[in-house]
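To start, the structure itself, in structure tokens.
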Amino acid sequence: MLPDLTREAPASTAPQTASADDPAQERDPFARLNAEQRAAVEHGSGLPPAQQTPLLIVAGAGSGKTNTLAHRVARLVLEGADPQRILLLTFSRRAAGDMGRRVGQVIRQVLGLAAGDVPPQLPWSGTFHAIGARLLRDYASVIGLEDDFTIQDRGDSEDLMGLLRHEMGLSSTDKRFPLKATCLAIYSRAVNTRQDLAQVLQVHYPWCREWERPLGELFARYVDAKEAQHVLDYDDLLLFWADMLSDPEIAQSVSARFDHVLVDEYQDTNRLQAEILQRMKPDGAGVTAVGDDAQSIYSFRGATVRNILDLPSLFTQPARLLTLEQNYRSTQPILQASNAVIADAPERHFKNLWSDKPSSQKPQLVVIPDEAEQARWVANRILAHREEGLTLKSQAVLFRTATHSAALELELVRRNIPFVKFGGLKFLESTHIKDLLSLLRLAHNPSGRMAGLRALQLIPGVGPATARKVLDLMAGAADPADALLHFGAPANIALQWQAFADTYALMRRASAAWPTDINAARDWYLPQLEQRYEDADARAADIEQLAALARGYASREKFLTELTLDPPESSSDFSAPPYRDEDYLTLSTIHSAKGQEWRSVHVLNVVDGCIPSDLATGSEAEIAEERRLLYVAMTRAKEYLHLIVPQRFYITQQTAQGDRHVNAIRSRFITPRMLPHFEDSLWLSAETNGARTPMPESVRMLVRQRAKQAWNKS
Ligand SMILES: Nc1ncnc2c1ncn2[C@@H]1O[C@H](COP(=O)(O)OP(=O)(O)OP(=O)(O)O)[C@@H](O)[C@H]1O
């Protein structure tokens, strides 16, 4: 059941929007906001922060939550709040950057700043994890953390779990002990949801229940190993932050640093994050949380939709609840179809989203024979939209799982349609990037085993046994660089050893002169790359990009922390000049499309087994989350929405005799009752329907551009 929330009646149902050139807007920076948005922005205005009641803004997709939050921050600053004392917690680094820019725009406009004047910055904006890392570093000496601690990414955490699992003899049990990734997932879920191991196993991993004791022992060793190696994993950043706030003096000191705490995308926070918020501001004074329960899609990371449902009573004083109900993003037909999909969700804050953008264009439900046809149809439609004036950048293709776009990617490459893919394998997960970062990590923290094992084995001829010995020696030495140099490597690798040890010594010495050390690491690593990979050139280009990116950070520590906490999703996230101006299509998992919008959106594989994913149909709660995922995908569209239903699709996990394809049925979330909201189309084949149009002139231009670029490289 929903908690009984006292919902504030909207001040007016009529939106009070104004056009950009409206003179009223020059006088009043909030003239463009509607009445509810404005109420949210002005909540607590004129009162000192300590007297402001907590505020929860629950708002539907596209209703301007992010925009409202940005205006609220701007309003606080304009009324004299110190930007240094505003804590702004966002879901990703990209969102923090966006928010900073939007706040800056409002302030710039109100203060009439000239182009060159920089509006006040918000130094405390970032993800929970990034802010946690900063606070832990500030309080390290008070809470007994080593100053040189490094943050270990998920991959390294899994490897450490795997190593300990092996040392405990658990990899050779008769019955199969959970794999390292599962062990880490169980551990992480227990930490983030504040549940004990037995509970987590019972509910989420019943097939692992028999391993409760050894898992408990493994986790205890994992915690010890991280301590010995001076590393923290992602979960520690929240866990240690929450734990340090259980000390009243520290809690008081952390809380006193911030007058205002604003949290975006609150629906995707977990128990631990709610606890942090509550411990920082027990009475909720100065707290604003914004979110949409209908868009909660991160339970696999331990997020719980209950957080937003329960926020009104999290603090000692009740939170004020405001709802935003006008959707500014989508046309009416798109919104009606999306509303119909979410209306069947079992539990949610009630809101009635509406749009005043009429359109005769209903969303399309396109039934297509198979995935190959789907790829062709989508590519055709994208080009057709482009001919109608929609740039590639204003279009996106979304899918449940990163692998679903494989056929489409081939088709796009074949037709020379540039695209950037978000979600799935991250740039930082590629081997060569991990190699280079391991060198930097070892330079920063010589006790870090996972980075150390990786870095040392890059030296030709060095295996795990030698690497372990060297690391033991370095960990105990006053000068690790010296210990490395005098290790006494076998004669056949003496030269390579010397070169590595010299580089390492330089990196340790040069840490004050960042980014000298990344250049040293790069210069040593590039020749190794040539020995290791066929496609060394492409990988070398990535390394150069990484080195260029590094120059934007103040120190090695900042660079490593930021990159580990919120890795770029693709190499083009670096906004390197060749990508920036080029028009490109966005391909994205639905999870990575959060918070974004495009004029046209295609959703691939709207079939049972994909949405909902057949890996997530175990419980009602999982199915409800899959429904919200489809809702998030649909509400990204402004003008055109295409849901594609291939009748056969390829599956990767199957028995040797199995058919490589399975017959598919339309997603259970689009029920027959909803069909009137869609324009139904049956596409037998992109070919037979004459959909394979000749390549439009505008696209041929891109091909020529590429050909020209190939010769213009100096
Ligand atoms: N008062 C307003 N008048 C006109 N346009 C608005 C107004 N408020 C928001 N918008 C526009 O509506 C769109 C959606 O806004 P925003 O991204 O802030 O919504 P959101 O609620 O954060 O979306 P979601 O949660 O679905 O990602 C944006 O294009 C924004 O510029």
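The analysis underlying the following values was restricted to heavy atoms, covering all of them including side chains, and did not include hydrogens, waters or symmetry mates. Numbering of ligands and ligand atoms starts at 1, following listing order.
Using cut-offs of 30° and 60° on the angle between ring planes, the pair H602 and H642 is parallel.
No heavy atom of A70 sits closer than 4.0 Å to any atom of ligand 1. Using a non-hydrogen distance threshold of 4.0 Å, Q267 does not register as a contact of ligand 1. At least one heavy atom of S63 lies less than 4.0 angstrom from ligand 1.
A salt bridge links E626 with R400: the closest approach of a Lys/Arg side-chain nitrogen to an acidic carboxylate oxygen falls below 4.0 angstrom.
Residue I86 holds its CD1 atom at 10.0 Å from OG of S125, rounded to the nearest 0.5 Å.
Counting only N and O atoms by type, the side chains of E639 and S359 include no donor and acceptor under 3.5 Å apart. Neither side chain, T66 nor R102, offers a donor N or O lying under 3.5 Å from an acceptor on the other.
Considering each of R636, E36, Q326, K638, the one bringing a non-hydrogen atom nearest atom 27 (O) of ligand 1 is R636. Nearest to atom 17 (O) of ligand 1 by heavy-atom distance, out of K594, R329, K65, is R329.
Of the N or O atoms in A61, none lie within a sub-3.5 Å distance of an N or O in ligand 1.
Here the closest heavy-atom approach between residue L314 and residue A274 is recorded as CD2-O, 3.9 Å. For the residue pair K393 and W598, the shortest heavy atom distance occurs at O-CD1, 3.4 Å.
For R102, every heavy-atom contact with ligand 1 shorter than 4.0 Å involves the side chain, none the backbone. With a heavy-atom cut-off of 4.0 Å, L33 touches ligand 1 through its backbone alone.
Residues passing the side-chain hydrogen bond (donor to acceptor under 3.5 Å, both in side chains) test with D268, sequence neighbours excluded: K594.
Each of the following atoms of ligand 1 lies closer than 4.0 Å to a heavy atom of G60: 21 (O). Here is the list of ligand 1 atoms found below 4.0 Å of a heavy atom in Q295: 24 (P), 25 (O), 26 (O). Below 4.0 Å from some heavy atom of T66 lie the following atoms of ligand 1, by number and element: 18 (O), 20 (P), 22 (O).
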